[in-house]
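Step one of this worksheet: look at the structure below.
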Amino acid sequence: MTRRIEPVTKAVSAPSTESIATVQAAEVAASRTPIWKKLLRDPQAVITVSILVIVFALGVLTPLIALHGPNESDLSMVNAPPGTPGYPLGADESGRDIFSRLLHSINTAAIAALIGTGVALVVGIIAGLIGGYFGRVTRASTEWIFSLIMTFPGLLLLIILMPVTGGDYRATMLIFGVLLAPGIYRIVRNLVLGVKNELYVDAARVSGVGTLRILGRHVLTVVRGPIIIAAAFMVGSTIAVQSGLAFLGVGSLEVPSFGAMISSGFRNLYIAPTQFLWPSLLLGLITASLVLLGNSLRDAFEGSRPKPSKVGAGQHVAERAEDTVLVGADALLAVRGLRIAYPTPSGDLNEVVKGVDLEITRGEVLGLVGESGSGKSQTAFATLGVLPNEAVVTAGSILFEGRELIGLSDAAMRPLRGKEIAYIPQEPMSNLDPSYRVGAQLVEGVRAALPVSKKEAKERVLALLERCGINEPARTFDSYPHQISGGMAQRVLIAGAVASRPKLLIADEPTTALDVTVQAEILDLLRDLQTELGMAVLIVTHNFGVVADLCDRIAVMQQGRIVESGTAAEIFRAPEHEYTKALLGAILDEAAYRTDPPVAPAPEGAIA
Amino acid sequence: MISYIAKRLGTGIVLALLVTFITFLLLSTSFQDVARTILGPSATDQTTAALMTAKGWDRPVLVQYGDWLFSALRGDFGTSVYTSLPVAPSVIQRLLVTLSIIVPALILTAVISTLLGVWAATRGGAVDRVAQGISLIGYVVPGLLLAIGLVVIFAVQLKWLPATGYTPLADDPAAWIRSITIPVIVLTIGGVANMAAQVRGRMIDELRRDYVRTLRTRGISTTSIVIRHALRNAGSPALTVMSLEFIQMFGAALIIENVFALPGYGSFAFNASLQGDIPVILGITAFGVILVTVVNLATDLVNGWLNPKARQH
């Protein structure tokens with residue numbers, strides 16, 4: 001206890017195993033299968049593409065298939081029923097062949113889509129590249145113009161500008177393309193901004209590749225996917241808007257289009273109801289196919305998105321043999337043979353914790369040491385019952401005061417949380433709700449754990465904040481999380497954890513995200529609180545310096561297993577496992593011994 | 001907070017000026033055609049030029065725009081070229097008709113989307129698939145077809161609701177509700193398709209955040225975590241989508257109105273454009289911009305209340 005080791009490594013925030021598991025899963029999902037192969041395996045993509053190809057091929061072949069011109073009318077055929085020779089789908093109110101007009105309408109839709117989407121892509125991509133790649137001023141101005149475009153109802157503008165466009169659908173779609181451009185602009189700009197600072201672009205710049213070639217080669221390959229997805233949706237919306245405008249009567253009556261046909265069919269609804277049906281079906285088929293194709297493309301390019309699961313359902317526990325051995329039931333916390341797994345995209349379970357045994361007696365400080373991804377945090381989360389939704393506890397038991405925690409519902413765990421077992425997270429800022437004042441969050445926690453009034457809870461929180469080394473507790477109480485520093489936020493979280501005098505405090509890398517000077521203060525605070533409250537502490541860390549400072553006993557964890565455990569003195573004096581030696585070696589080589597007196601002794605004052 | 005509001009208001013004013021100016025600029029290229037249309041088949045170059053001079057359309061665009069702007073700021077939007085009626089009252093009257101279908105649709109969209117989105121994000125499994133299915137149907141079926149389909153079923157076949165026409169709220173509230181029912185349903189289905197997916201996505205993201213886990217470790221109830229914490233944080237981005245949804249709905253309403261022969265903004269704008277009634281077109285643009293500005297400002301204010309960080313910018 002006399003030897004104090006100051007960690008000198010700069011606050012490297014070690015990613016929790018959870019995020020590593022997610023990253024691995026994402027990598028497997030986005031494995032190098034070519035996009036077109038993925039799409040071929042997706043029936044939704046195959047069917048929608050086939051439909052679209054057939055429909056637009058019919059459009060191309062119109063001159064060969066169509067029996068009549070689009071505006072060729074035969075007054076003897078007015079409202080001819082479907083099946084009339086030469087008029088397979090009948091004729092409309094002017095005696096024009098509906099089938100031929102449908103075919104011609106496909107071409108109108110195709111041209112509208114080409115113009116609208118084309119303009120949106122050209123304008124959006126160019127502006128996005130400029131806005132993303134060049135400096136702040138350029139970006140601010142492109143940004144501003146595009147957000148202005150987005151705020152005005154496009155359809156109204158298209159109608160208002162009829163005197164200018166003459167209602168010609170091609171001119172209208174040209175303007176509509178500009179109105180669609182902000183969507184593309186956003187996508188391109190964001191991706192360019194992301195890519196721009198990445199190493200390979202820097203490397204390319206250093207190696208003397210010209211700016212334009214950097215943009216062309218590196219950036220465009222990255223933005224390709226999202227743009228193709230957006231384009232599928234844009235083609236759908238240009239066709240829908242063109243139809244809508246034609247339905248309203250914008251543009252020449254000579255141009256055959258779905259909208260014009262629907263409009264004439266709608267007027268004729270009572271006389272010949274099927275006239276309205278054909279163009280509606282075809283338009284519906286095309287837009288639906290495009291939307292569904294867009295969804296398939298999104299899945300293929302971006303992989304599947306996180307799926308929701310029932311909130312408050314408790315941790316998933318695999319079916320297992322009842323092998324609970326009540327060994328160590330007298331300990332405060334006894335973990336036996338704990339196994340935790342995550343499902344892989346292929347559906348198998350990938351074990352990240354492979355049979356962990358731990359024991360903590362009352363008032364004891366146990367250090368759980370290991371590198372990132374060794375399963376330490378997962379073990380801690382399982383004890384609190386807050387494993388991520390995907391995680392499955394495949395085996396083992398967690399006894400707290402002799403009571404089995406594995407398999408408890410969220411509701412059954414709740415009375416234990418805060419009051420019996422509390423938690424201090426790794427990253428202080430992301431663990432405070434950004435929308436609520438610091439004090440309100442702590443008061444809510446205190447009142448969830450203890451039967452106290454709002455006023456009592458507030459007094460308790462204020463006293464605790466002061467006890468945790470915050471100089472102006474009242475001011476911090478009324479601050480929002482973004483208004484306080486990382487070190488302050490960690491003190492706030494510690495106050496929140498000890499507020500209900502828990503019997504066991506689980507601290508997950510409590511100092512990793514903090515500055516070196518603050519780290520020592522936080523460790524001092526933890527030690528003092530532990531002595532004062534007589535609580536047991538499970539401290540999860542990758543840093544032997546922290547362990548040496550605080551712990552009675554140590555358990556070393558590697559790749560989901562405990563490889564060595566013992567008292568702190570034993571482990572430091574004679575580490576047996578190679579991995580422990582390696583970890584110890586790492587700090588003894590790098591660490592500087594602290595020679596200055598402890599920083600800012602925590603002010604005296606008992607907890608209310 | 002005051003500087004925040006001032007900044008947003010300033011942005012709105014700039015938007016209003018810019019949109020009306022651009023519209024003016026684009027329309028000015030067609031003034032000659034408009035003059036010819038007004039004069040009809042008998043138009044000659046001389047009479048057209050004379051009308052242009054009489055209307056002041058031969059002056060530099062900037063001068064004309066300045067003129068229009070100063071009158072507009074005093075509340076004078078001019079009179080219609082064809083009917084000689086003052087522009088502002090007729091624009092407002094038409095706008096109210098359109099708003100009377102948009103506002104209920106927007107409220108319904110917000111309520112249904114929040115319920116559906118939160119429900120899907122917190123239940124998962126089958127519930128989630130049902131919610132996603134509902135969204136997809138709304139996405140896949142074009143609003144125009146949905147509108148006509150509902151008219152055919154409820155008005156033509158079942159005769160439960162009027163197929164077309166509009167009764168002002170003040171005349172007969174029950175008839176008003178009947179006349180807006182189908183249009184509101186159509187707009188709501190389209191809106192929910194988009195919004196529910198947004199709320200669901202934001203909620204899933206929020207529920208996976210670190211602070212949610214930390215709140216859970218303090219023993220806070222699931223209801224409080226979902227409603228007070230996750231939903232509140234999801235609310236701010238969802239609200240921005242909501243304001244864009246309003247703009248989109250406004251566009252969709254222009255087409256839907258036509259199906260139901262509602263005397264709204266869409267048909268008014270359409271007729272004015274067809275006739276080249278420049279003062280009316282400008283009035284329509286100006287009120288459109290004012291509406292958008294008001295909606296954006298309201299969005300920003302609620303956002304500032306929801307999201308403490310936003311107040312600083």
Chain A contact via [X] - which portion, at a heavy-atom distance below 4.5 Å:
X        : value
B:Val212 : neither
B:Leu254 : both
B:Arg228 : both
B:Tyr265 : side chain
B:Leu274 : both
B:Asn296 : side chain
B:Val280 : neither
B:Ser243 : neither
B:Leu145 : side chain
B:Ile225 : neither
B:Arg209 : neither

task = Drop me the distance from A:Leu156's CG to B:Ile281's CD1, to the nearest 0.5 angstrom.
result =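 So the CG of A:Leu156 and the CD1 of B:Ile281 are separated by 10.5 Å.
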Could you tell me the separation between the CG atom of B:Leu27 and the CG atom of A:Leu161, rounded to the nearest 0.5 Å?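 One gets 6.0 Å once the value is rounded to the nearest 0.5 Å.
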Among the listed options B:Ala272, B:Ser221, B:Gly125, B:Ser28, the residue most often paired with chain A at heavy-atom distances under 4.5 Å: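 Maximum pair count with chain A is reached by B:Ser221.
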- Query: Looking at B:Asp128, B:Ile148, B:Thr29, which makes the most heavy-atom pairs under 4.5 Å with chain A?
  - Reply: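 Maximum pair count with chain A is reached by B:Ile148.
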Just give me the residue among A:Ser289, A:Pro425, A:Gly445 that pairs up with chain B most often, heavy atom to heavy atom, under 4.5 Å.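 Max contact count across the listed options: A:Gly445.
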From the options A:Val241, A:Leu248, A:Leu245, select the one residue that forms a side-chain contact (heavy atoms from CB on, under 4.5 Å) with B:Ile255.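 For B:Ile255, the side-chain contact (heavy atoms from CB on, under 4.5 Å) check succeeds only for A:Leu248.
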